[in-house]
Every structure is written in C-alpha cells, then in structure tokens.
Amino acid sequence: MNIIEKLFPNVIPIWTGDGGVTQSIGQTLYMTFFTALIAGVLGILIGIFLVLTDDHGLLANRPVYWILDKIVNIFRAIPFIILLAVLNPFTRLIVGTGIGPTAALVPLVLGTTPFFARQVQNALLTIDPGVIEAAEAMGLSPAAIVFRVYLREGLSELIRVGVLTIISVIGLTAMAGAVGGGGLGNLAIAVGYQRFQNDVTWVAMIFILILVFLIQFIGDLFAKRLHH
Amino acid sequence: MNIIEKLFPNVIPIWTGDGGVTQSIGQTLYMTFFTALIAGVLGILIGIFLVLTDDHGLLANRPVYWILDKIVNIFRAIPFIILLAVLNPFTRLIVGTGIGPTAALVPLVLGTTPFFARQVQNALLTIDPGVIEAAEAMGLSPAAIVFRVYLREGLSELIRVGVLTIISVIGLTAMAGAVGGGGLGNLAIAVGYQRFQNDVTWVAMIFILILVFLIQFIGDLFAKRLHH
Amino acid sequence: GSNKSTTQTPKTVKVGIMSTDVEIWKDIQKRLAKEDVKIKLVQFTEYNTPNQALQDGDIQLNSFQHNDFLNTWNKKHNEKLTAIGNTYIGPMRAFSNKIKSLKDLKKGDTVSVPNDVSNEGRALDLLAANGIIKVKDVATPTIHDITENKLDLKITELDSAQTARSLNDVDAAIVNNDIAVAANLKPADAISVEKLSAKSKPWINIIAAKSAADKKNKTYQKIVKAYETKRTAKLLKKYYKGAVIPAW
Amino acid sequence: MAEPLITLKQVDVEFKEKTRSVHAVDHVDLTVERGDIYGIVGYSGAGKSTLVRTINLLQRPTSGTVSVLGQDMLKLDAAKLRQERRRIGMIFQHFNLMNSRTIADNVAFPLKGTKVTETTADGKKIWRKIKKSEINQKVSDLLELVGLADRATAYPNELSGGQKQRVGIARALASDPEILISDEATSALDPKTTSSILDLLAHLNQKLGLTIVLITHEMEAVKQICNKVAVMDEGRIIERGTLLQIFAQPHEQLTKDFIDTTIQIESAIAAVRKQPAVRDLQAPDQLVRLTYVGASTDQPLVATLFKTYNVTANILFGDIQILQGTPFGNLLVVLSGTQADLDRAFDYLQQSDVTVQHLSANQEGEQA
Amino acid sequence: MAEPLITLKQVDVEFKEKTRSVHAVDHVDLTVERGDIYGIVGYSGAGKSTLVRTINLLQRPTSGTVSVLGQDMLKLDAAKLRQERRRIGMIFQHFNLMNSRTIADNVAFPLKGTKVTETTADGKKIWRKIKKSEINQKVSDLLELVGLADRATAYPNELSGGQKQRVGIARALASDPEILISDEATSALDPKTTSSILDLLAHLNQKLGLTIVLITHEMEAVKQICNKVAVMDEGRIIERGTLLQIFAQPHEQLTKDFIDTTIQIESAIAAVRKQPAVRDLQAPDQLVRLTYVGASTDQPLVATLFKTYNVTANILFGDIQILQGTPFGNLLVVLSGTQADLDRAFDYLQQSDVTVQHLSANQEGEQA
Ligand SMILES: Nc1ncnc2c1ncn2[C@@H]1O[C@H](COP(=O)(O)OP(=O)(O)OP(=O)(O)O)[C@@H](O)[C@H]1O
Ligand SMILES: Nc1ncnc2c1ncn2[C@@H]1O[C@H](COP(=O)(O)OP(=O)(O)OP(=O)(O)O)[C@@H](O)[C@H]1O
Ligand SMILES: [Mg+2]
Ligand SMILES: [Mg+2]
C-alpha cells in the first residue's frame with residue numbers, strides 16, 4: 001500500500017468521486033461506445049452510398065456522389081477542437097445540454113462519421129468487382145448486394161478500419177474535457193498535465209492503453225477469423 | 001473595401017503580423033507539409049515492415065511483428081493532445097526548442113506516423129497475393145518486391161490513405177497552438193472563438209477548407225490516373 | 001428570457017469549477033452536506049463552457065472566473081450572469097531561468113504569455129507596467145495591441161499550462177497563478193508580480209449565478225458563506241501555497 | 001422448338017481506352033432458340049465474353065437491341081431487369097466466387113430468400129419462401145454433381161483452379177435458370193471432369209429444356225454437346241450454323257483452322273510425311289486426305305476400294321468423329337494401285353460424297 | 001541429355017484447414033531431365049499446382065527434398081534461392097499480372113535491372129546492365145510472339161481472359177529461363193492460339209534446350225509437345241513414362257480414362273452402336289476396337305484383312321494420332337466374314353501387335 005501511495009500520491013485521493021479515475025474510465029467508455037455505435041452506423045451508410053453512387057457504382061449518380069463527397073470533406077476539414085467549440089448551440093438543440101459526456105457525443109459523432117465513411121468507402125472499393133458483377137447477374141437488388149456482398153466480403157477490412165476509427169475516437173475523447181465530457185484523456189491533461197501531477201497522467205494513459213489494446217485485440221481476433 | 005471591413009471587422013487588423021492570418025496560413029502549411037513528409041516516410045516504412053513481417057509476409061517474423069504492432073498501438077493510443085503535452089522534453093532534445101511550429105512537428109509526427117503506418121499496412125494487405133508470389137518466383141529480393149510491387153500496385157490505395165492522413169494532420173495542427181505552433185486552427189480557436197470574433201473563425205475555417213479540398217482534389221487526380 | 005426561473009432551487013446544486021479548485025470545493029461540499037445542501041461538482045477544462053452551462057441551467061453556480069471574464073461574456077452574449085460572492089485573486093507573475101529581473105531583457109529576447117484572453121491581457125499589462133512594452137489602453141490587450149516594442153521582443157502565446165514549461169525555451173515566462181502553483185514555481189522566485197490595486201477588481205475570482213435574483217437564494221448564500229470562511233482561506237493557503245490571496 | 005429465346009440485333013460494344021478504342025463487338029445479330037446449346041468459338045480476344053455479357057446486360061451495348069425471354073432488355077426498369085436476370089444463370093470465366101463464404105454458401109448464395117411454388121392439397125399453386133433444408137439439400141446435390149461434396153466447408157482460397165470453376169458451375173445451376181450462359185466453364189478442368197460437366201449440361205438441356213450459350217475454345221466440348229455454333233472474329237460472327245454444317249462444310253478459313261486444330265491435321269500431315277511408307281512413296285501411289293460425312297462409313301470404304309478397284313488404302317492418320325450421332329471422318333491414306341485403278345477409285349469416292357484432297361508426297365500439302 | 005535438372009524426393013505437402021487437413025501432395029518422387037517437356041496431368045484438385053510450386057519453393061514442402069539445377073533448394077539461403085528462382089520461369093494458372101502496369105511493362109518487369117553478358121572486342125565476357133532499348137526490343141518481340149503487339153499499352157483489366165494468359169506467358173519467357181514451369185498456360189486459349197504457343201515452347205525447347213514442366217488438362221497439348229508424362233491422383237503420381245508408353249500402354253484406369261477422353265472413345269462407342277450398320281449386326285459379324293502403336297500402319301491393315309483373310313472391315317470410328325512421330329491408332333470397326341475367316345484375322349491382328357477388344361453389338365462394351 002505504501003509503495004502505491006508513494007508512486008501515485010495524487011491518484012489515490014481522486015480514485016473515486018467527481019472527476020476521479022473511475023468516473024473518467026466510465027466517461028471514456030461511454031463516449032467511445034456511443035460514438036462508435038452512432039458514427040459506425042452513419043459512416044457505413046455514407047460509405048456505402050459513396051461506393052454505390054460513384055462512377056463505377058451500382059447506382060452511379062454524379063450529383064449525389066459529388067454532394068456526399070463534399071460534405072464528407074467539409075466535415076473532415078474542420079479540426080475536431082473547433083467542431084467541439086462551434087457545435088455547442090447545435091449540441092444543445094439535439095441532446096438538450098451543452099455540457100457533459102452526452103454533449104460531447106455530438107461533436108464526436110460529427111467528427112468521426114466522415115472519417116469513418118471515407119474509410120468504409122476505401123475498404124469497400126477493394127472488393128473484387130467481379131464478385132459484385134456475379135451478384136448483379138443473379139438479379140440481386142442493390143440493397144441485397146450491399147448486405148450480402150459488400151458488407152460480407154468487406155467485413156474483415158471493415159473491422160480493420162473500424163478498429164482504426166475507434167482508436168481515433170479514444171484520442172478525440174481526450175478533448176471532450178472542453179465541454180465537461182471528462183474522460184481519461186481529460187484527466188491526463190487537466191489534472192495530470194496542467195497540474196503537474198505526472199502520476200495521474202501515467203495512470204490515465206495506462207487505462208487508455210489497456211482500452212486500445214483490448215479493442216485492437218478483439219478486432220484482430222474477428223479479422224483473423226474471417227481470413228480465409 | 002467597406003463591405004469587407006464590415007464583414008470582417010476583426011480580420012483586417014490581424015491580416016498580417018505575428019499571429020496574424022497570413023502567418024497562420026504559413027504555419028499550418030509548414031506543419032502540415034513537414035509532418036506529411038516525415039510521417040509519410042516513416043509510416044510507409046513501418047507499414048511495409050508490418051506487412052513483410054506478418055505471418056503471411058515475405059519476411060515473416062513473429063517477434064518483430066509483435067513489437068512493431070505494439071509500438072504502433074501504443075502511440076496510436078496516446079491522444080494527440082496528451083502527446084503534445086508530455087512529449088515536450090523529448091521535443092526539446094530533438095529540435096532544440098519546446099515551443100513554436102517546429103516544436104509542434106515532433107508530436108505531430110509521432111502522433112501521425114503510427115496512424116499512417118496502420119493505414120499503409122491495411123492498404124498493402126489488399127494487394128493480390130498472387131502478384132507478390134509472381135515477383136517472388138522471379139527471384140526478386142524483398143526490397144525489390146517492396147519498391148516494384150507493393151509500392152506500385154498499392155499506389156492508388158496509398159494515395160487515398162495518404163490524403164486521409166494529411167487531412168487528419170490538418171486537424172491535429174489546430175491543437176498545436178498549445179505549444180505556440182500557431183496555425184489556422186489555433187487562430188480560429190484562440191482568437192476567433194475565445195474572443196468571440198466569429199469573422200476570424202470563419203476566415204480561418206475557409207482557408208482550412210480550401211487547403212483540405214486542394215489536397216483531396218490533387219489526391220483524387222492522382223488516384224484516378226492510376227485507376228485502370 | 002428565463003432569467004427568473006432560478007428562484008426554484010433544485011435539490012442538488014451543480015457547481016461548475018476548474019480542476020485546480022477541486023480540493024477547495026470538495027471540502028465545501030463535505031461541509032455543506034451536513035447542512036443538507038447537496039453540491040455536485042462539474043469540472044471544466046475550457047473557460048467558455050461553464051458560463052454557457054450556467055446560462056442554460058445545466059449548472060446553477062460556477063466558480064472559475066474573475067469579474068472581467070464574466071463581464072466580457074455577459075456583453076458578448078447579452079446575458080446577465082451575476083457575481084454572488086468573491087473567492088480569491090491570483091496575481092500574474094513573471095518567471096525566468098535566465099534573468100533576475102524583467103529589466104534584464106535584451107533586444108530580440110523571447111517572452112511567453114498565456115494564449116487565453118484575460119491572462120494574455122494581464123500578462124501584457126504586466127510587461128507594460130514594467131515599461132518593457134506599450135499597449136493600447138484596452139481592457140484585455142492582445143499582441144495585436146502592442147504599440148511599442150523597443151526591445152523587439154518576440155512574444156509567444158502558449159497554452160497557459162505550457163508557459164510554466166517553456167522556461168527553458170524563453171527568456172521570461174508570464175505565468176498565471178494557478179499554473180504557477182501547480183508547476184511548483186515558488187511565488188518568491190518570481191522576477192515580477194502583478195500589482196494588486198483597485199485596478200485588480202476585474203481579476204478577482206468570483207462565484208457566479210445566473211441572474212441578480214440568485215443573490216437572494218438562501219442555498220446559494222449558504223454556499224457563498226461556506227466559501228468565505230477562514231477554513232477556506234486556510235485551504236487556499238495550503239493548496240495554493242500562498243500564491244493566492246483570499247478576496248472576500 | 002423454334003421459339004427464339006435470345007435475340008441480339010446489331011449489338012455493338014466499343015471500349016474507349018486512353019489512346020484508342022477497342023471495337024469488341026461489331027454489329028452482331030444472334031438468335032438462340034429454346035433448347036439450343038449454342039457454342040461460340042473464336043480466337044482469344046475475339047469478343048466472345050463481351051458478346052454474351054450483353055445478353056443479361058452486364059455489358060450494356062453501345063448500340064443495338066437485346067431481347068431475352070420475350071423481353072426487350074434495354075427497355076426494362078431496374079426491378080424488371082433483375083427479375084429477368086434471375087432466369088439467366090451465368091458461369092464466369094474468372095469464377096467470381098465470394099472469398100468470405102464457404103463453397104456451400106457460395107452455391108447457396110443465389111437461393112437464399114428466393115421463392116418456390118408448391119401445390120397445396122386442393123391443387124392450388126402457391127408461392128412460398130424456400131426452406132433452409134431445401135437449400136441445403138439442393139446445395140449438397142449440386143456439390144455432389146460437380147464432385148466437391150467433400151469440400152463443402154472449404155473456402156475458395158483453399159481450392160485448386162478447377163475446383164473453383166466447378167463451384168461457379170454449381171452456383172450458376174442452383175437457381176434453376178432457363179438460360180445458362182457459360183463463359184469457358186470447363187477451361188480449367190481435366191478432360192474427364194469436363195466431360196462429366198458437359199454431360200450434366202446436356203442432360204439438363206434435354207430433361208429441363210435448359211437453353212445454353214457456351215463459350216469455349218475446346219472444340220471437343222463443342223462437338224460433344226452443341227447443336228449450333230457461331231464463330232467469332234474481331235467482334236463479328238463470321239460463320240454460324242448447325243454443328244454438322246460447321247464441321248463438314250466450313251466456309252471461312254478461320255473455321256477450317258479451328259476444326260483442323262481439333263484433329264491436329266496439320267501436324268499429322270507433317271508427321272505422316274516423315275514415315276517410311278510416305279517418304280519412299282513411288283508414283284502412281286499417292287497420299288490423299290479423305291473427308292466425309294455421314295452414311296459413307298456404313299459402306300466398308302477401304303475394303304470396297306480394294307475389292308472393286310484393286311486399290312490398297314493404308315490409313316496413316318484417321319479421325320472419325322461422331323457429331324450428333326453422325327460420323328465425320330478425316331483420313332490420311334496412301335492409295336496404291338495402277339494409275340487407272342486409282343482414277344476409277346477417285347471417281348467412286350467422289351460419287352460416294354467423299355472429298356479427296358491430294359497431298360503430293362514431298363511438297364507441302366495444298367492447304368488453301 | 002540425361003542430366004537430371006529437377007529432382008523431387010518424397011515431397012509431401014499438407015494443408016491444415018480448420019476442421020480437416022488436405023494432403024495435397026503425397027510423398028512424390030519426380031525427376032525431370034534437361035531438355036524434357038514433362039507433362040503433368042490429373043483430375044482437378046489432384047495436387048498438380050501444389051507439386052510444381054514446390055520446385056521453386058513457392059510452396060515449401062512439409063517434408064522431402066527438392067533439388068533443382070544441381071542445388072538443394074531447401075538448403076539455400078534467401079539470396080541464393082532468389083538467384084536460382086531467376087533461372088526458373090513460371091506461368092501461373094491465375095495469371096498474376098500487375099494491374100498497375102501496362103502489358104508491355106508487365107512483360108518487361110522481370111528484365112528491369114537484370115544483367116546480360118557481352119563479349120568485348122578482345123573476346124572477354126563481361127557482365128553489364130541490360131539497356132532500356134534491349135528491354136524494349138525483347139518485350140516487343142515477345143508480345144509479337146504471343147500476338148499482343150497491338151495491345152502493348154493496354155492494362156490487364158482491359159484484356160480478355162486469353163489475352164491475360166498470353167501476357168503471363170510472355171512474362172515468364174522474358175528472362176530466358178532454363179526451366180519453365182507452366183501451370184495450365186493455355187487453358188484460356190483457343191485451339192489455334194494454344195497450338196502456336198505450344199509450338200513456340202517446343203521451339204524454345206529444341207533450340208535453347210529449355211526444360212519445361214507443363215501442367216495441363218488438355219491431352220492434345222500433351223500429345224503435341226510432351227516427351228514424358230506423369231499422371232497424378234490424390235497427391236500421388238500413379239503413373240509416369242514417355243509419351244508413347246503412357247498412351248500406348250496405360251496401366252492405371254485413370255490414365256486410360258484420360259486417354260480415352262481425348263479420343264472420346266466412350267461417346268464414340270455409344271454413338272456407333274446407334275448406327276444401322278451396328279444395330280442390325282448379324283453374327284458372326286462383330287464390332288471390335290483395334291488399338292495399335294507404331295509400324296503396324298505401314299502395312300495396309302484393312303486391305304490386308306480383306307485380301308488375305310476375306311474379312312471386310314468397316315471403320316466406324318477412327319482416331320490415329322501421331323505421338324512424337326509414331327502413329328497411335330484406335331479404330332472401331334465392324335468386321336464381317338465367316339467365323340473361320342474372322343478367327344484367322346484375329347490371329348493375324350494379334351501377331352501384328354494390334355490389340356483387339358470385342359464390343360458385342362447390343363450390350364455395353366466391356367470397359368473395365
Ligand atoms: N491453401 C490451401 N489450403 C487448403 N487446401 C488447399 C490449398 N491449396 C490447395 N489446396 C487443396 O489441395 C489440393 C490440390 O490442389 P492443387 O491446386 O494442387 O490442385 P490441381 O491439381 O492444381 O487442380 P486444378 O487442375 O483444379 O488446378 C486440392 O484439393 C485443393 O483444394
Ligand atoms: N474493359 C475493357 N476495356 C478495354 N478493352 C476491353 C475491355 N474488355 C475487353 N476488352 C477488349 O475487347 C476485346 C474482346 O474481349 P473479350 O473479353 O470479349 O474477348 P474473348 O473473346 O472473351 O477472349 P478470351 O477467349 O481470351 O476470353 C479484347 O480485345 C479485349 O482486349
Ligand atoms: Mg473471354
Ligand atoms: Mg492447379
């Protein structure tokens with residue numbers, strides 16, 4: 001006990017309680033999970049539409065592609081830290097509050113979705129066009145081709161970019177402190193760094209690392225299972 | 001002139017000078033360019049080694065892969081904003097100073113490289129193994145296969161992930177203000193947002209958008225050229 | 001137009017604070033718990049949000065800013081957030097690893113200042129007060145307001161926490177108080193300290209509520225009273241190591 | 001039996017490349033009737049794949065009309081087109097299997113969610129979704145047919161080239177199509193497996209009336225099951241007709257070349273010339289090529305030559321094939337006898353509808 | 001000519017799948033000598049591709065030794081192995097072209113940066129880097145040879161299946177290998193193109209002594225250029241020998257099946273039975289299959305039967321092929337005559353080394 005107290009003098013007192021370590025872990029998990037969930041669904045949707053509407057796509061449609069593509073670019077262009085700030089009124093409109101982990105979700109989702117959508121697009125473009133063609137020849141509808149071919153054949157690649165994105169989300173949540181979102185990253189900065197309490201930084205970082213490794217491990221596991 | 005003065009009352013006075021718009025543009029370009037350059041080279045190197053040393057790779061080597069993989073994960077795990085902060089002593093060691101755009105390069109490179117490396121790895125893994133095998137059968141050395149097959153066959157995919165990464169870098173530079181890196185993102189936040197000068201935010205954002213669209217445009221152009 | 005809605009006090013009072021004040025407020029939280037006033041602490045790291053949160057009713061009180069910051073915010077947003085009590089004042093200080101006094105600054109030297117609005121203003125004012133530069137007579141000057149810079153100083157704006165860390169990279173760093181405390185910069189080592197005067201009123205930290213009506217809120221008064229005690233003064237001394245001065 | 005199922009009219013496909021454009025299909029007319037097994041042959045790059053891909057509009061023609069199963073394909077909306085496509089099975093030259101699914105799942109792929117008719121107790125026909133067990137049954141039957149029952153749970157990456165191709169065949173047949181388009185479906189298969197696959201196709205053709213368009217470069221396959229043949233060259237169909245017409249009376253040089261290659265007549269002639277019996281040939285003995293179709297073989301040709309004309313025929317190379325039940329023969333023989341006997345023998349042969357081509361012994365044969 | 005270039009000893013390859021393991025190559029011994037064109041045939045999935053991939057160690061064997069060009073391949077370090085591999089050209093079943101390069105660049109690929117010898121004025125041999133112009137010359141020569149000169153600047157995606165395969169062939173030949181491993185290099189090609197590619201290989205074999213290992217399922221190709229053949233089944237080589245041995249005296253049923261398929265003997269027998277001449281056959285007339293190799297055909301067999309034994313032979317189906325210059329015949333004939341004449345005729349045939357197989361007219365032929 002003594003050693004721990006010596007090594008982590010500043011961590012012990014804030015282990016629990018408001019803004020403490022356990023709460024921060026919860027907040028990071030909360031923000032990461034819901035961002036991954038919502039941005040995951042939206043990103044896959046947009047990514048699929050990008051693939052479907054591009055010039056070689058099943059529903060080739062220049063104007064739609066152009067618009068989608070530009071929207072994705074614009075949102076990707078806005079640095080997250082700015083998004084976090086300027087989105088505040090919009091956030092309040094959507095989730096009813098401008099502060100806290102839930103409020104952080106809005107900029108997180110908006111910052112992550114276009115990034116993930118682009119990755120989904122890249123992932124799906126690597127699928128052999130011959131396979132898509134075979135499905136077309138069987139008379140499958142575009143929706144069926146999306147579900148039964150694109151999402152299936154691209155699954156291991158989607159998992160890979162999914163993991164990449166989730167890890168990026170964890171990085172972004174570190175900035176969520178700006179809107180009171182808390183989380184491990186915020187703990188590391190606001191407490192550990194700004195108050196020169198290195199032990200807090202380390203502990204927060206270790207928990208983030210554990211989280212990242214866990215996600216990568218699970219992702220690799222699934223990807224490997226799908227590798228034939 | 002009057003309309004411009006009316007629309008951008010706060011922008012005009014800080015158009016030039018220290019921390020002004022033109023300087024910020026320069027700083028963003030400087031940080032983005034050198035980060036892209038250094039992280040680009042390092043990321044491709046690491047990405048290639050990840051591909052070469054993995055179980056199906058030309059130089060399959062579990063321990064090396066394991067170490068590389070974990071290093072990449074660890075650095076990806078650290079949120080950039082923390083990297084920016086805790087890397088300061090290291091930065092001083094490398095570039096001789098802890099503040100300014102050049103000092104920002106160190107965390108930028110360290111934050112971008114593993115991200116890009118992972119993307120490079122994913123990109124190269126989509127290359128048809130048969131082609132690699134053909135090159136092996138011709139007696140090409142692993143180095144030759146890397147340069148003449150991996151980097152060539154994967155080029156359009158590499159450009160795609162490269163663009164994705166550069167745009168992410170632009171997002172990261174927005175945080176470089178913390179170490180005096182300046183840049184458009186910092187201008188938007190530190191001046192525009194914090195001082196409630198919306199016109200500054202908008203102008204900074206527009207320049208960022210122009211930059212992002214330019215990069216995406218050039219990337220698409222090259223990628224399209226390579227699409228056969 | 002919902003300025004009067006706060007007469008109804010919620011069971012738990014949410015107080016928005018910065019992490020630097022956690023210990024002080026946790027103590028007050030404990031003390032008030034006995035008096036059946038429940039406080040929930042909401043920590044912020046960014047200086048703009050707590051006021052917005054207060055305005056939106058996401059929190060009921062905040063304690064992180066000084067008068068000037070509050071006034072600026074009110075003006076910009078056309079709101080009427082009100083100070084209901086004073087907490088402390090923390091002066092700006094200049095530190096250096098290289099020189100013993102600001103007067104020793106040479107031509108072309110670098111000085112780092114915080115990059116947030118008020119701290120930057122105070123930092124520049126500190127330099128101006130020492131006759132190093134001249135700035136326009138505005139409430140919170142920025143580097144764009146420097147009218148004379150005889151020494152051609154390079155003034156670098158940094159994240160406020162970074163100023164303390166930049167001591168090896170600059171000839172002098174102007175560090176705001178709470179950062180200096182956290183960075184273990186001893187007040188005694190400062191090569192220059194912001195003068196406290198009537199002019200300092202804007203920089204006195206306060207407890208803010210949504211509207212003037214809240215001044216009469218019994219619970220809030222209890223909280224203010226709990227803050228403005230000797231015990232708090234002792235805690236401030238303890239945690240800030242004498243760097244801040246109680247201002248009630 | 002003469003109902004046209006596929007009618008291509010003036011179908012044209014042009015690919016634009018950077019510097020040039022490739023006229024892959026050049027104003028082709030083609031009619032395939034119900035029950036046909038229509039072979040399409042031609043050099044590599046002739047436009048065969050591109051042509052058949054216009055049938056189900058995987059390749060939209062630059063111009064021309066495509067009518068399949070009574071529908072003007074180019075006028076159908078997307079949903080209707082999909083419905084039509086379900087009636088057309090396709091075996092791809094490059095297999096196009098889904099790497100993420102097992103063999104069995106690949107074959108089951110077109111079946112999932114389809115409907116089947118069922119006759120209820122009171123004789124009404126109703127549509128219902130296909131049952132999982134029915135799919136499994138069908139898949140295992142098909143895998144059995146193509147000889148891959150034991151690899152059902154393997155993934156395409158774990159298969160040999162020919163095994164992949166067989167999965168493609170099973171998949172194309174799974175949905176009981178009315179038309180089957182087969183793009184070199186047996187090119188990666190050994191002759192035995194090829195033969196059994198072709199037998200399977202012929203069987204489906206006869207039993208279920210499956211109409212087949214068969215691209216192939218194996219003339220053996222054409223001979224084995226096609227009733228009609230079209231020969232493509234540089235985007236055009238330069239010759240077409242029934243199997244026998246094409247084999248017995250080829251008009252175009254290309255067609256002749258193709259047929260000759262199947263019987264390897266050129267190398268045969270070259271080899272034959274090296275044999276002592278030919279090398280030392282003394283006039284009036286001579287080397288001739290005899291080509292005949294049909295009944296001729298019912299008469300003992302060679303025996304008759306000797307019996308009636310006193311001409312000895314030494315068969316050096318022979319290829320007598322059965323095309324749709326009719327024999328089709330190519331013989332390289334040395335005929336020996338007196339000049340007079342030989343002349344009478346030639347007359348007799350001509351009367352018997354046997355084509356005689358004189359190949360003088362020491363020069364190149366007079367191949368047109 | 002008897003120098004062994006490739007020696008596989010007890011080579012074994014096992015693939016582990018999730019639930020089972022596939023014994024793709026099962027303790028195979030194989031010796032290929034300099035100048036051989038060694039055909040490897042077998043059913044789809046027999047292990048042919050896997051076997052030849054062990055030659056250049058693209059597939060490392062689970063056990064066994066591989067020695068190529070005098071080197072124990074498994075003992076070489078990486079750099080040495082690469083050097084050896086440069087001497088072995090390989091044509092892949094799935095082409096494996098680089099989509100990012102033009103056809104010409106694909107063919108030039110193995111040449112870039114290689115060295116060539118040059119004899120200086122004073123007769124010394126020196127190594128120098130190959131010149132760009134030399135590469136271009138060679139590439140255009142090769143593309144000319146495979147008939148793709150006009151598509152040099154196209155990309156693989158713009159080619160038909162057969163065209164891609166031809167690019168693969170050109171690429172494999174570009175580096176002047178001493179050994180060529182060809183995995184179904186002509187499977188996607190029409191017979192004419194196939195024939196010309198095989199001629200090209202045979203030419204390279206004769207002129208440059210190129211040793212070739214040729215996986216194929218086209219027995220025509222085997223007949224056309226191979227001097228030796230190995231038959232694979234379920235990972236093992238079940239029969240091997242010279243071309244003539246294999247064709248004339250096949251021991252294994254599988255081998256027989258393969259040969260029979262090339263002459264389509266089974267369908268021929270079936271078709272022949274339907275003809276009037278056979279259907280209405282009256283004893284003692286009978287349908288027989290005559291198989292013979294070599295000189296026999298120098299004697300006018302059928303004519304002799306009639307002249308000497310008074311037996312009329314009606315050839316219903318014939319396949320006389322020239323294998324490496326030697327005729328190899330399969331005839332289905334109806335022999336007519338008295339029983340005594342027939343018996344004497346059979347004796348004569350047997351003495352002449354002609355195998356007689358009696359196919360009674362109305363039952364199934366006694367195929368083992
Ligand atoms: N990577 C693999 N994993 C599992 N099994 C494999 C793998 N590669 C090949 N096989 C199996 O090994 C056996 C031999 O395959 P191989 O490719 O050598 O056959 P082949 O004789 O070349 O057949 P084909 O003529 O169809 O190309 C097959 O049963 C095949 O399914
Ligand atoms: N996408 C494309 N872009 C450009 N040219 C193409 C494209 N697809 C096919 N071609 C060209 O069109 C011609 C016809 O090709 P197609 O695939 O129809 O030939 P094929 O008769 O099927 O040949 P094979 O027997 O070799 O498969 C070829 O010259 C080919 O190079
Ligand atoms: Mg084709
Ligand atoms: Mg194979």
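Everything quoted here is computed from the prediction, not taken from an experiment. Any value given below was found using the heavy atoms of this structure, including those in side chains, with hydrogens, waters and symmetry copies removed. Labels below follow one simple rule: chain letters A, B, ... track the order of the sequence lines, proteins then strands, and each chain is numbered from 1.
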Quiz item: How far apart are the closest heavy atoms of B:Ile82 and A:Ile208, and which atoms are they?
Solution: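 Looking at all heavy atoms of both residues, the shortest contact is CD1-CD1, 4.5 Å.
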Quiz item: Taking all atoms of both residues into account, what is the closest heavy-atom pair of B:Gly171 and A:Pro79, and its distance?
Solution: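 Result for this residue pair: O-CB, 3.6 Å.
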[X] [atom1] to [Y] [atom2] distance, which is reported to the nearest 0.5 Å:
X       : Y        : atom1 : atom2 : result
B:Arg76 : A:Gln216 : CZ    : CD    : 7.5 Å
A:Lys70 : B:Phe213 : NZ    : CZ    : 6.0 Å
B:Asn73 : A:Leu209 : CG    : CG    : 9.0 Å

Quiz item: Between A:Thr126, A:Asn122, A:Leu211, which shows the greatest number of heavy-atom pairs under 4.5 Å with chain B?
Solution: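 Answer, by heavy-atom pair count under 4.5 Å with chain B: A:Asn122.
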Practice problem: Would you mind telling me which of A:Leu125, A:Ile170, A:Val161 has the largest number of heavy-atom pairs within less than 4.5 Å of chain B? | Solution: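 Heavy-atom pairs under 4.5 Å are most numerous for A:Leu125.
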Quiz item: Considering the options A:Ile189, A:Leu172, A:Asn186, which one meets the side-chain contact (heavy atoms from CB on, under 4.5 Å) requirement together with B:Ile81?
Solution: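 Between B:Ile81 and the candidates, side-chain contact (heavy atoms from CB on, under 4.5 Å) is satisfied uniquely by A:Ile189.
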Quiz prompt | Steps toward side chain to side chain contact (heavy atoms under 4.5 Å, CB included) verdict (A:Leu164, B:Gln119) | solution = CA-CA 8 Å; A:Leu164 199 88; B:Gln119 301 246 50; 3.5 Å; yes
Quiz item: For atom OH of A:Tyr65, is the number of surrounding heavy atoms from other residues, nucleotides or ligands below 6.0 Å larger than 12?
Solution: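 Enclosed: over 12 neighbouring heavy atoms sit under 6.0 Å from OH of A:Tyr65.
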Exercise. Could you look at B:Thr201 and say if it's the side chain, the backbone, both or neither that has a heavy atom under 4.5 Å from chain A?
Key: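 For B:Thr201, the side chain is the part near chain A, not the backbone.
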Practice problem: Can you tell which part of B:Gln121 gets under 4.5 Å to a heavy atom of chain A, answering side chain, backbone, both or neither? | Solution: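 Interface part for B:Gln121: neither.
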Quiz item: Using a cut-off of under 4.5 Å for heavy-atom pairs, which of B:Ala123, B:Ala188, B:Ser168, B:Ala204 has the most such pairs with chain A?
Solution: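 Top option by heavy-atom pairs under 4.5 Å: B:Ser168.
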